[in-house]
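Just so it is clear: chains get the letters A, B, ... in the order the sequence lines come, proteins before strands, and each one is counted from 1. Model, not experiment: these values are computed from the prediction.
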Amino acid sequence: MVAITLPDGSVKRFDGPVSGKQVAQSIGAGLVKAALAVKVDGEVRDLAREIAHDAAVEIVTRKSPEALELLRHDAAHVMAQATQELYPDTQVTFGPATETGFYYDFARKEPFTPEDLEQIERRMHEIVDRDLSLEREVWERNHAIRHFEDIGEKYKAQHIETLPAGEEISIYRQGDWLDLCRGPHLPSTKNLGHAFKLMRVSGAYWRGDASNEQLQRVYGTAWRDEKELKAYLHMLEEAEKRDHRKLGREMDLFHFQEEAPGAVFWHPKGWATFSKLLDYMKRRNEEGGYVEVNAPQIMDRSMWEASGHWEAYHEHMFTTETEDGRTFAIKPMNCPGHVQIFNQGLRSYRELPLRLAEFGKVHRYEPSGALHGLMRVRAFTQDDAHIFCTPEQVKQEVQDASRMILSIYRDFGFETVRIKFSDRPDKRIGADHVWDRLEADLKGALDEMGEPYELNPGEGAFYGPKLEFVLRDAIGRDWQCGTVQVDMNLPERLDATYVGQDGERHRPAMLHIAKLGSLERFAGILIEHYAGRLPLWLSPLQVLVATITSEADGYAREVAAALKKAGLKAEIDLRNEKINYKVREHSLKKVPVIAVVGAREAAEQTVALRRLGGQTQEVLALSEAIHRLSNEAVAPDLAAASEETAPAAPAAAAV
RNA sequence: GCCGACGUAGCUCAGGGGUAGAGCAACUGAUUCGUAAUCAGUAGGUCGCAGGUUCAAAUCCUGCCGUCGGCACCA
C-alpha cells in the first residue's frame, strides 16, 4: 500500500509503487496532459519515476513555479542534440538552466557562427515537434565511462570519474540521442514548447578554470509561452535604452577614447553630477565623524612591498621609473597611505576610533576584457575610509558604518538592499579565536540592528571577515557597492600601534569602509537606475528656460537669472525654433524641468513648468516656481535636516 | 588575459576590389510659432592604426589598438 497525500490534503491509496503519471491519471485526464513532473516530498522528479513509499505529492504543470527550470534544462538538452546532429564533431559538456534561460558548453575546434546558431535553433524546433519521450536509465559507473570514451565524449567521461563513488549515474535518452544528466526532465521534447531563442555564443573555461581549455558556450532564453518570451526580449530592449554608455553620450555627461582605455573623460554636465555625489558624501562623512585626508598618488615600490600589495598585485599596478632609477607605483588602494597618517606621532587610545576618509583616485591595471563603461574602469574614485580603533570598539563601528550605508542608499532611492556576510576562507591569516571574535562582532552588529543578512560562507578576505551591501536597481539588477571589512593584516605589516590605558603599545583594529564603492561606477548605476532621469538635486542642469517667441527673450533672461540666484542650475534656449522642437530636444537630453515663457508669461510674470516626460504644464508665478523648485532641489540629507529644524525657520525668516 | 563579433561623418547606420553614401546633428538663410522634429541650402570622412596581396583596397590577408557579448579576474 502506498498512500499519496495531495496538496488539498486528500489521500489516494495505491496497491503498490505508483508513477507520477498514474497519480495524475487518478485525479483527472486533463491533469495527465498538463503534467510535466511530480514533486515528491518537496523534490521534483520525473513523471515516470515510481513512488514506492507514502509521500506528499504535487503534480508539476506548466504553471508551477518549478516548470521554468525544467523547461530550460530540457531546452539545453534539445540544443545539445540539435547541435550534435548538425555538427557531429562537437563534444558536449554541461548544460544547465540559468535565471532567464539556459546554456550549453560545447567543445569543438571550429567556432560557431551566428548563422550556425540560427541553424541550431531551427533544428531545436524540429526536435520539439518530433515529440521524443525522455527516458531515464541508470548505468553502471564503469560502463558509463567506457561508453562516453568510446563515442569520443571525453569531457563526460572525465566528469563521471570525478563523481562521488556512491552517486547514481543517470542517463537521459531522447530519441537516439542521450546525455549524462541528474535530471529531472520533462516527459517529452514536445513539452518544451517553442518559446525559446538562442542569444549568443561566447567562450567559457572547462570547469570555470582559466588554466583549462576553452569551450564554446551557447546561451539561450526559454519561457513558458510566447508572451513571456516577448516580455523578456522587451525587457532587454528597455535595459539597453537605459545603458549608461548610451545615456552618457546622449546627455553629454562623459566619454571614453582609445588613448585612455578604462579612464573617464567627464564633460561639464557629468562632472556636475559627480561633484554633487562627492559633496553629498563629504557631508555624510562629516556627520558620521570621519575626517578627510589625502595621501600621495605615487609611492615608492618599497611601500607596496611592505603592505603586501606588490607581491599579490604588482601585475595589476601602474608603475613609473624615475631618472634616479627608483620604481614608484601609482596607488591602487588608499589603505597604506592612511596607515602612514595613523603612524605619524604616537597615538593614544584616547584618539580612537580615528576614522580617516579619502576620496582617493586609484588606478588599477584591470584585464582588458573586464572593462565596461563606468562600471569597470582602470582609474576611479573610491569613497574610501579606514577606521582605526580598539578591538572593543569594532562592533560599534561596524554598526555605525552599516547604518550609514543603508541610510545613504535610501537617499538615492534604492528600496531593496541586501547584506551579505562573508566569513573565514580556507586560506587565511590570524588565529581562529580572533576570527571567532571578529565574525561575532560583524554578526552581532547586524543582529542588534535587526538587519537581516545572508551568509556567504568562506568568501571573506584572507585578512578578515566582511559585510557586503548589495542594492537592487529599478529593473531588478543587483549591484554590490558598500563593504565593511576587518583587517588583521595591514596594522601588523605596517606596524601600526597606539598606547593604551595601561601605558603599553597595542595593535589597533582596522576597518576598511566603502559606502558607494567607486564613485564612477555608482554614477553609472544611478544613470541606469533612473534611466537618465536624475532627481533634481543630482541633475547637472535643473531648469531650462525656453522661449516661444523672441519677444520673451528679455523676460527669459530675467527668469534664468532669478533661478540662478536661488541656487538652481539654469540655462536659456533663445533659439529661433518652435517650442515643440525645444521641448523635444531638451526632453531627450533628460532636462528635468522646462520653464516655457512666451508673451503671456512675460506679461504676467509667470512661468509654465513642464516636467520631464509629463503631458501637462503648470503655470506659476515666477516667485512661487522658484520657491518650489529650490525646495525640491535640496539634497535629501539636507532636506531631512531642514525638516528637523523647521520650527526655527519662521523666526529666521522674520529677521 | 581567453573565445567570438564589431570599428565608415558628431550620432545611428548603408556600401563589400574600380570617383565615399543616407537620416539626424552642425553651419547659413527664411519662418516669431503655445508644449516631443518648420522649410530650404551649405559644409563635413586618410573608412581604427600599421603592414601585405593587387594595375587598383573602405572592401581580401596578417599584426596591433579599441569597443561589444561572455568566461576568467575584481586587493
Atom [atom1] of [X] and atom [atom2] of [N]: how far apart are they, to the nearest Å?
{"X": "A/H309", "N": "B/rA75", "atom1": "NE2", "atom2": "C1'", "result": "5 Å"}
{"X": "A/K246", "N": "B/rC68", "atom1": "NZ", "atom2": "P", "result": "15 Å"}
{"X": "A/D243", "N": "B/rC68", "atom1": "CG", "atom2": "P", "result": "9 Å"}
{"X": "A/M199", "N": "B/rC71", "atom1": "CE", "atom2": "P", "result": "14 Å"}
{"X": "A/E118", "N": "B/rA5", "atom1": "CD", "atom2": "P", "result": "15 Å"}
{"X": "A/E551", "N": "B/rU32", "atom1": "CD", "atom2": "P", "result": "11 Å"}
{"X": "A/D209", "N": "B/rC71", "atom1": "CG", "atom2": "P", "result": "15 Å"}

Could you verify whether a donor N or O on one side chain and an acceptor N or O on the other, from A/D573 and A/H586, lie under 3.5 Å apart?
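Side chains of A/D573 and A/H586: pair found under 3.5 Å.
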Just to verify, what does A/K420 make a side chain to side chain donor-acceptor pair (under 3.5 Å) with, not counting sequence neighbours?
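Checked A/K420 against side chain to side chain donor-acceptor pair (under 3.5 Å); zero matches.
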Decide yes or no, distance alone: a donor-acceptor N/O pair under 3.5 angstrom between the base of [N] and the side-chain of [X].
{"X": "A/E366", "N": "B/rG1", "value": "no"}
{"X": "A/Y205", "N": "B/rG1", "value": "yes"}
{"X": "A/R376", "N": "B/rC73", "value": "yes"}
{"X": "A/R610", "N": "B/rA36", "value": "yes"}
{"X": "A/Q214", "N": "B/rC2", "value": "yes"}

Consider the side chain of [X], meaning its heavy atoms from C-beta on, and name the nucleotide among [options] that approaches it most closely.
{"X": "A/R200", "options": "B/rG34, B/rG70, B/rC74", "answer": "B/rG70"}
{"X": "A/E258", "options": "B/rG1, B/rU38, B/rG7", "answer": "B/rG7"}
{"X": "A/S202", "options": "B/rG69, B/rG34, B/rG66", "answer": "B/rG69"}
{"X": "A/R249", "options": "B/rU12, B/rA72, B/rA75", "answer": "B/rU12"}
{"X": "A/Y365", "options": "B/rA75, B/rU35, B/rG1", "answer": "B/rG1"}
{"X": "A/R217", "options": "B/rA26, B/rG1, B/rC71", "answer": "B/rC71"}
{"X": "A/Y581", "options": "B/rC74, B/rA36, B/rU38", "answer": "B/rU38"}

[N] and [M]: how far apart are their [atom1] atoms, nearest whole angstrom?
{"N": "B/rG1", "M": "B/rC64", "atom1": "P", "answer": "10 Å"}
{"N": "B/rG21", "M": "B/rG44", "atom1": "P", "answer": "13 Å"}
{"N": "B/rG15", "M": "B/rG51", "atom1": "C1'", "answer": "25 Å"}
{"N": "B/rU12", "M": "B/rG69", "atom1": "P", "answer": "14 Å"}
{"N": "B/rC65", "M": "B/rA72", "atom1": "P", "answer": "23 Å"}
{"N": "B/rC55", "M": "B/rG66", "atom1": "C1'", "answer": "34 Å"}
{"N": "B/rU38", "M": "B/rC33", "atom1": "P", "answer": "15 Å"}
{"N": "B/rA50", "M": "B/rA58", "atom1": "P", "answer": "12 Å"}

When all nucleic acid strands are considered with a 4.0 Å heavy-atom cut-off, which category describes [X]: base, sugar-phosphate, or nothing?
{"X": "A/F462", "value": "nothing"}
{"X": "A/P332", "value": "base"}
{"X": "A/A461", "value": "nothing"}
{"X": "A/Y313", "value": "base"}

Could you list by number each residue of residues 510-530 of chain A showing a heavy-atom separation from RNA chain B of less than 4.0 Å, or answer none if no residue does?
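Those residues whose heavy atoms fall under 4.0 Å from RNA chain B, taken from residues 510-530 of chain A, amount to none.
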May I ask you to test the A/H234-A/E238 pair for a side-chain heavy-atom distance under 4.5 Å?
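Yes, close enough: below the 4.5 Å cut-off.
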Considering only heavy atoms from C-beta outward, does the side chain of A/V293 approach that of A/N334 to under 4.5 Å?
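No, too far: nothing below the 4.5 Å cut-off.
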Salt bridge between A/R418 and A/E468, side-chain N to carboxylate O under 4.0 Å?
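A/E468 and A/R418: not salt-bridged.
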Taking OP1 and OP2 of [N], is either one under 4.0 Å from a side-chain nitrogen or oxygen of [X]?
{"X": "A/R245", "N": "B/rG69", "value": "yes"}
{"X": "A/H316", "N": "B/rG1", "value": "no"}
{"X": "A/N580", "N": "B/rA36", "value": "yes"}

Where A/T273 and A/S539 come nearest, the two heavy atoms and their spacing
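Distance-wise, the nearest heavy atoms are OG1-C, 4.2 Å.
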Does A/E99 CD have over 12 foreign heavy atoms under 6.0 Å away?
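It does not: A/E99 CD has 12 such atoms or fewer within range.
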How would RNA chain B look in dot-bracket form, 5' to 3', counting Watson-Crick and G-U wobble pairs with both distances under 3.5 Å and writing | for bases paired to another strand?
(((((((..((((....[..)))).(((((.......))))).....(((((..]....))))))))))))....
